[in-house]
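Inspection log for the structure reproduced underneath, given as structure tokens.
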Amino acid sequence: MMTNKINTTAASAVLGCVADDVTGATDLAINLAQGGMRVIQWLEIPTLDDLQVHAVDAVVVALKTRSIAPSDAISQSMAAIEVLRDHGCQRFYFKYCSTFDSTEQGNIGPVAEAMMDALDVKQTIFCPAFPRAGRTVYQGHLFVGDALLNESGMQNHPLNPMQDANLVRFLTHQVTRPVGRLSYRDLADVGRATESLQTQQLDGIAHVVVDCVDDSQLQTIAAAVSDMPLVTGGSGLARYLGEAYRKSGLVDEHRAASKLPSIPGRSLILSGSCSQATNRQVAKAKSFCSTWQLDVLEIARDPSGYQRRLAAWAEACDPRRPLLIYSTDDPEGVRSVQQALGQTEAAQVIESFLGKVAMDLTTDVGVRRLVVAGGETSGAVVRDLGIRALKIGPEICAGVPWTQSIGTQPLAIALKSGNFGDDNFFHTALEMLA
Ligand SMILES: Nc1ncnc2c1ncn2[C@@H]1O[C@H](COP(=O)(O)OP(=O)(O)O)[C@@H](O)[C@H]1O
Ligand SMILES: O=C(O)[C@@H](O)C(=O)COP(=O)(O)O
């Protein structure tokens, strides 16, 4: 049950966002910042006192709810929404993956419906499109580049293989209320888009999947939904919310983005993503990094022995070269590990090991610059490092900024969604700090 306590201090953020994973949250945060909003990203649910300390327009709370049981995802998301609402947020954003990562059981639909109930909202949109990163939606079908979602490599995802690109059909499995579509034809102007949403609401359509193939359509969608209390989607839409909220008087001025973190120290790349993009990026990074490929079965057998060997190796490496430690593998490698350990156990073994590696190497060998590839992987790493919040810096590639941890002994951190970035991503990221 939500409480009715509303905080109305001047410091309240207008927009409260809940993201279902950490890289997704960072992606959302950089897009909001590029739209001129001041943003803070929390890596755990903040307290009301935490929220009073930072004067921002948008608060992004990163959860790790994408691949857990729907009931757990709902309860964590509700806890986040409650604190954001009590803080005084007037608009809410549920961020999930631009590739709609979920299964027929959830968690996108069930979490969205729970948020709608909590906020007393009759209709929301589903807008995963992020054209700058190649994610578009046409006739309700999600494309990654020029491939349908289910032919894009996402059909082999280790945790949520995506086998249906038709979002209207797929979302219908996850929700209890009717699903409609805002067609690209109605995105010709804001008035038409608004009218289509209103007509659908009168027809009882609660969930509207939004077509969108370019940024001008995102701009139209943002203007059409600026009064909607709750929107859901990828990060693309967020880029234009600042402008829409400024026009409707919710946010005052356009704020400049933050600077690069200036933090000396060793660089470490940790990669647990098995996406096609990350496989290519890891292959490229081997040329300029000291490299260690994890043997997952050996970690499962003797985690502490393996951790000691890895730490000794890192200690002995040339400190001027970045360290690259990865479990990234092709679908065949992933299958064989999952057959031996089970899907969930394999993920847990790797995530908890990479978290420990991050702790060891930041504590013992002077790592202060950290790049992590993979949403679940990033979630595990920042949790184990005990980082509570991030300041958002400039963009490395679409959807991935440099960030700086807030607190004593800050780290420069880049959290990369598995699918994002070109083949030279790791090099580009570290060169920016050189
Ligand atoms: N070699 C591997 N075999 C099996 N599972 C793996 C392997 N490497 C990583 N994983 C698991 O696959 C999942 C990848 O998810 P994630 O980190 O979110 O990456 P992405 O951003 O590409 O989705 C993680 O749970 C990770 O622990
Ligand atoms: O929207 C996106 O594509 C990303 O922001 C995202 O959610 C990242 O998820 P992972 O691919 O699991 O890192």
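In what follows, residues are counted from 1 in the order of the sequence shown. When reading the values below, keep in mind they use all heavy atoms of this one structure, side chains included, and skip hydrogens, waters and symmetry mates. When a ligand or atom number is given, it counts from 1 through the structure's own listing order.
A62 and Q41 make their closest contact through CB-NE2, 4.0 Å (heavy atoms, listed as atom of the first residue, atom of the second, distance). In plain terms, the two heavy atoms of A244 and A222 that are nearest each other are CB-O, 3.6 Å. Summarising the geometry of S98 relative to L142, their closest heavy-atom pair is O-CD2, 3.4 Å, with the distance given to 0.1 Å. Looking at every heavy atom in both residues, W402 comes nearest to A414 through CZ3-N, 3.5 Å. The shortest non-hydrogen separation linking L28 to A238 is CD1-CB, 3.4 Å. Taking both residues in full, the closest heavy atoms of G140 and D211 are given as N-OD1, 2.8 Å, listed atom of the first, atom of the second, then distance.
Any N or O atom pair closer than 3.5 Å counts here, and D329 shares no such pair with ligand 1.
The part of I350 lying near ligand 1 is the side chain, judged by heavy-atom distances below 4.0 Å. Residue contacts with ligand 2 for D21 involve side-chain atoms from C-beta outward but no N, CA, C or O (heavy atoms, distance under 4.0 Å). Heavy atoms of L159 found under 4.0 angstrom from ligand 1 belong exclusively to the side chain. Here P158 has side-chain heavy atoms under 4.0 Å from ligand 1, and that is the only part of it that gets that close. Of all the heavy atoms of V334, the ones lying under 4.0 Å from any atom of ligand 1 are found in both the backbone and the side chain.
Regarding atom 23 (O) of ligand 1, its nearest protein heavy-atom neighbour is H157 NE2, 2.7 Å. The protein heavy atom nearest to atom 11 (O) of ligand 2 is S417 OG, 3.1 Å. Among protein heavy atoms, the minimum distance from atom 6 (C) of ligand 2 is reached at C97 SG, 3.6 Å. Scanning all protein heavy atoms for the shortest distance to atom 17 (O) of ligand 1 gives T377 OG1, 2.6 Å. Among protein heavy atoms, the minimum distance from atom 13 (O) of ligand 2 is reached at T23 OG1, 2.8 Å. Taking atom 8 (N) of ligand 1 as the reference point, the nearest protein heavy-atom neighbour is S327 OG, 2.8 Å. Of the protein's heavy atoms, D27 OD2, 2.6 Å lies nearest to atom 5 (O) of ligand 2. Among protein heavy atoms, the minimum distance from atom 18 (O) of ligand 1 is reached at E376 N, 2.7 Å. Protein heavy atom at the shortest distance from atom 22 (O) of ligand 1 is S273 OG, 2.7 Å. Remark: minimum distance from atom 7 (O) of ligand 2 to any protein heavy atom is reached at R66 NH2, 2.7 Å.
With respect to the salt-bridge test (charged N to carboxylate O, under 4.0 angstrom), the residues R280 and D423 qualify. We find that R177 and D117 are joined by a salt bridge, their nearest charged nitrogen and carboxylate oxygen being less than 4.0 Å apart. Of the charged side-chain nitrogens involved, none lies within less than 4.0 Å of a carboxylate oxygen, so that R335 and E332 do not count as a salt-bridged pair.
In summary, the atoms of ligand 2 found under 4.0 Å from a heavy atom of G418, numbered by their order in the structure, are 10 (P), 11 (O), 13 (O). Close approach of ligand 2 to Y96 (heavy-atom distance below 4.0 Å) involves ligand atoms 1 (O). Here is the list of ligand 2 atoms found below 4.0 Å of a heavy atom in K95: 1 (O), 2 (C), 4 (C), 5 (O), 6 (C), 7 (O).
Nearest to atom 1 (O) of ligand 2 by heavy atom, out of G236, G375, G374, S98, is S98. Among S67, G272, G374, the residue whose heavy atom lies nearest to atom 14 (C) of ligand 1 is G272. For atom 24 (C) of ligand 1, the nearest non-hydrogen atom from the set E351, Q343, Q338 belongs to E351.
In this structure, G333 does not count as a contact residue of ligand 1, since none of its heavy atoms falls inside 4.0 Å of the ligand.
Among L415, V400, I269, the one residue that satisfies the side chain to side chain contact (heavy atoms under 4.5 Å, CB included) test with V371 is I269.
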Stepwise side-chain hydrogen bond (donor to acceptor under 3.5 Å, both in side chains) test for D215 and Y240
CA-CA 9 Å; D215 274 43; Y240 298 98; 2.6 Å; yes
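Ring-plane geometry between W292 and Y306 is classed as perpendicular, the angle between the planes exceeding 60 degrees on a 0 to 90 degree scale with a lower cut at 30.
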